Number of protein chains: 2
Amino acid sequence: MVNQEDPRVLRTRQFIRAAFRDLLRRKGFDAITIKDIAQKATINRATFYAHFEDKYALLDEVTELAFDAMIPEQVAQAQAFTEDICDRLILATHRYIVDFYRNCRMDSHSMATLVDEKIKKMLQQTIARIFLKGDLPHGADKHRIQIMAAMTGSAIYGAAHFWLNVEEKDRTDVLVDLVRPYVMNGLGPYRHGDG
Amino acid sequence: MVNQEDPRVLRTRQFIRAAFRDLLRRKGFDAITIKDIAQKATINRATFYAHFEDKYALLDEVTELAFDAMIPEQVAQAQAFTEDICDRLILATHRYIVDFYRNCRMDSHSMATLVDEKIKKMLQQTIARIFLKGDLPHGADKHRIQIMAAMTGSAIYGAAHFWLNVEEKDRTDVLVDLVRPYVMNGLGPYRHGDG
DNA sequence: GGATGAACGTTGCATAGGCAACACATTGTA
DNA sequence: TACAATGTGTTGCCTATGCAACGTTCATCC
């Protein structure tokens with residue numbers, strides 16, 4: 001494929017992502033064509049295919065970058081899964097979902113599903129990375145840790161998503177106070193690597 | 001040279017101009033290097049030379065485009081040099097100069113001179129174009145018309161420039177009331193093509 | 001059922017842009 | 001004076017992008 005460091009490549013990919021984000025704001029995912037993206041990005045349609053297999057791959061990348069941008073510095077650097085880190089993850093996830101539903105026309109169920117899956121996966125990876133950084137408690141093999149991360153990520157994501165349709169939806173503090181103890185208790189001895 | 005319609009060319013030239021305008025806001029013209037421009041435009045230095053002979057050519061183009069953007073629609077379309085058109089030209093010229101001195105660091109005398117010359121030339125061409133659109137009065141050959149345009153452009157530019165350092169500098173209405181009669185009287189029978 | 005048109009994804013070729021290197025000029029400085 | 005450092009403008013080679021064309025699929029319409 002293309003050389004990811006070539007300045008032309010960097011620029012072209014930025015154009016494509018920006019065009020796509022822009023289009024998502026006024027059109028549903030299904031309604032967006034490759035031609036639309038190429039036109040708005042002022043690149044040739046063939047060039048699009050030099051960088052992305054299709055618009056699903058583009059959605060994947062855009063989602064991932066947006067998630068990375070949303071993760072606070074403290075979480076990215078965290079050495080242990082503390083209550084503070086947990087809170088930040090909950091809030092960041094919630095904010096991501098809110099922004100996402102506000103900015104994108106959601107006529108497409110397929111897109112919502114894809115983004116759901118992607119974000120859950122990113123969350124789980126982020127959590128697993130933190131778990132693996134701490135000293136592992138006795139008997140915690142890598143496999144078991146990844147399951148714990150998967151459950152934790154799913155729980156956080158599920159709760160944050162559910163919170164969209166709740167009366168108290170603006171009370172993110174309530175959300176945090178509900179999710180944090182659930183997750184931390186569920187983790188039990190795994191959380192700090194000091195159990 | 002390069003094909004001026006190729007989208008890559010259009011983008012690259014836009015990048016270069018934008019970078020240059022941006023640099024002019026924080027650096028003097030003399031202090032700006034081609035490397036600076038290329039870096040900020042995220043293009044290769046060699047690519048700059050594919051589009052502009054040097055930074056003087058770039059300055060020339062940027063000045064010209066800015067001037068075109070500043071000219072009101074009515075003036076661009078004018079069929080005769082009326083008082084209304086005259087007023088608009090005076091105001092546009094004045095605004096151009098004000099913006100120019102506000103936005104650009106003027107450590108370089110050479111640049112000020114170049115821009116001065118360029119703008120005067122553009123003004124004169126604009127005026128000559130309007131003159132030549134109207135029916136020409138008896139005895140008005142093309143040569144004579146161009147001299148009238150040159151004087152008119154110089155007068156307007158000179159006055160607008162002078163107005164920078166005047167106590168009433170904000171009273172552009174006063175400026176207009178001084179310049180308009182001078183110019184219109186000077187033109188005498190040439191102005192409408194109806195003399 | 002078949003025609004039409006739109007979007008997709010791919011291809012070969014032409015051209016613009018990136019890169020590294022060069023010679024030259026200018027400037028600062030030891 | 002000599003020198004290093006920096007900017008200028010140019011060159012040859014390689015890669016990314018633009019373009020036009022193609023066959024394909026799918027939806028719409030007669």
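Just so it is clear, the values below take in all heavy atoms, side chains as well, and ignore hydrogens, waters and symmetry mates. For clarity, every value in this text was computed on a predicted model and none was experimentally measured.
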Q: Assign each of Q4(B) and R45(A) to its nearest nucleotide of DNA chain C by heavy atoms, then name whichever residue's nucleotide is nearer the 5' end.
A: R45(A)

Q: Nearest-nucleotide wise, let me know which of K35(A) and A46(B) is further upstream toward the 5' end of DNA chain C.
A: K35(A)

May I have the distance from [X] (atom [atom1]) to [N] (atom [atom2]), rounded to whole angstrom?
{"X": "I34(B)", "N": "dT8(D)", "atom1": "CD1", "atom2": "P", "answer": "5 Å"}
{"X": "Q14(B)", "N": "dA16(C)", "atom1": "CD", "atom2": "C1'", "answer": "15 Å"}
{"X": "F15(A)", "N": "dT17(D)", "atom1": "CZ", "atom2": "C1'", "answer": "12 Å"}
{"X": "D54(A)", "N": "dT10(C)", "atom1": "CG", "atom2": "C1'", "answer": "14 Å"}
{"X": "R8(B)", "N": "dG18(C)", "atom1": "CZ", "atom2": "P", "answer": "11 Å"}
{"X": "I32(B)", "N": "dT6(D)", "atom1": "CD1", "atom2": "C1'", "answer": "17 Å"}
{"X": "Y56(A)", "N": "dG9(C)", "atom1": "OH", "atom2": "C1'", "answer": "14 Å"}
{"X": "D30(B)", "N": "dT27(C)", "atom1": "CG", "atom2": "C1'", "answer": "15 Å"}

Q: Counting heavy atoms from C-beta on, name the nucleotide in dG9(C), dA16(C), dG18(C) closest to the side chain of P7(A).
A: dG18(C)

Q: Would you indicate which nucleotide in dT15(C), dG9(C), dG18(C) comes nearest to any side-chain atom of Y49(A)?
A: dG9(C)

Q.
Looking at R88(B) and D84(B), is any side-chain nitrogen of the basic one under 4.0 Å from a carboxylate oxygen of the acidic one?
A. yes

Q. Is the Lys NZ or Arg CZ of K55(A) less than 6.0 Å from the centre of F29(A)'s six-membered ring, within 45° of the axis?
A. yes

[X] side-chain N/O to [N] phosphate OP1/OP2 under 4.0 Å:
{"X": "T33(B)", "N": "dT6(D)", "value": "no"}
{"X": "N44(A)", "N": "dC19(D)", "value": "yes"}
{"X": "H51(B)", "N": "dG17(C)", "value": "yes"}
{"X": "R11(A)", "N": "dA16(D)", "value": "no"}

Q. For DNA chain D, whose closest nucleotide is more 5', that of V2(A) or that of F48(B)?
A. F48(B)

Q. Is it true that atom NZ of K121(B) has more than 12 heavy atoms of other residues, nucleotides or ligands lying nearer than 6.0 Å?
A. no

Q: Using a cut-off of 6.0 Å, state whether more than 12 heavy atoms not belonging to Y182(B) lie near its atom OH.
A: no

Q) How are the rings of Y96(B) and F100(B) set to each other: parallel, tilted or perpendicular (split at 30° and 60°)? A) parallel

